[in-house]
Amino acid sequence: MANVDTGMYEFDPETFFASSDADSNGVLDRNEITALLLRHLSELDRQSAGEGAAGDAASKIEQMVEHLMQQLDQDGDGSVTYAEFLDFVSQSNLLKTRPAQEQRQD
């Protein structure tokens with residue numbers, strides 16, 4: 001019997017963070033968060049072709065980035081570390097349990 005895709009997926013914060021860290025420097029900056037939001041809005045636009053919802057949201061992208069930076073950047077240094085991202089994800093209930101945090105060395 002074939003496996004049926006139920007549309008459910010397991011969120012992997014490490015993979016998500018790494019794929020969003022375009023310059024692979026271990027932090028997310030405003031440009032990377034903006035790019036992440038724009039990718040998401042592009043997907044919404046494709047899914048809701050003709051509804052105009054994504055275009056409306058795109059006009060507010062800077063406000064969204066500012067809001068996310070306020071939520072994610074706990075130390076106010078202008079970038080989001082993996083630890084800050086994990087704290088946000090765990091507080092947002094995107095994970096049932098917070099994964100063990102690996103020591104990252106630059």
Among all residues two or more places apart in sequence or in another chain, which pass the side chain to side chain donor-acceptor pair (under 3.5 Å) test with Gln71? none

Nearest 0.5 Å please: distance from the OG1 atom of Thr81 over to the CG atom of Leu72. 9.5 Å

Check the pair Glu32, Val80 against side-chain contact (heavy atoms from CB on, under 4.5 Å), reporting the backbone distance first and the verdict last. CA-CA 10 Å; Glu32 290 163 328; Val80 179; over 6 Å; no

Quick one: side chain to side chain donor-acceptor pair (under 3.5 Å) partners of Asp77, sequence neighbours excluded? Ser79

Which value, rounded to the nearest 0.5 Å, describes the distance between Ser20 atom OG and Leu28 atom CG? 6.0 Å

With Ser24, which residues qualify under side chain to side chain donor-acceptor pair (under 3.5 Å), at least two apart? none

In terms of the angle between their ring planes, are Phe17 and Tyr82 parallel, tilted or perpendicular, with boundaries placed at 30° and 60°? perpendicular

Closest non-hydrogen atom pair between Glu84 and Gln74, with its separation: OE2-N, 3.0 Å

Could you give me the CA-CA distance, side-chain angles and deciding distance for Leu37 and Leu68, then say whether side-chain contact (heavy atoms from CB on, under 4.5 Å) is met? CA-CA 10 Å; Leu37 288 172; Leu68 281 172; 3.8 Å; yes

Closest non-hydrogen atom pair between Ile33 and Met69, with its separation: CD1-SD, 3.3 Å

Under the side-chain contact (heavy atoms from CB on, under 4.5 Å) rule, collect the residues that match up with Thr34, sequence neighbours excluded. Leu38, Ile61, Val65

Partner set under side chain to side chain donor-acceptor pair (under 3.5 Å) for Gln70, not counting sequence neighbours: Glu66

How far does CG of Asp29 sit from CG of Asp21, to the nearest 0.5 angstrom? 8.0 Å

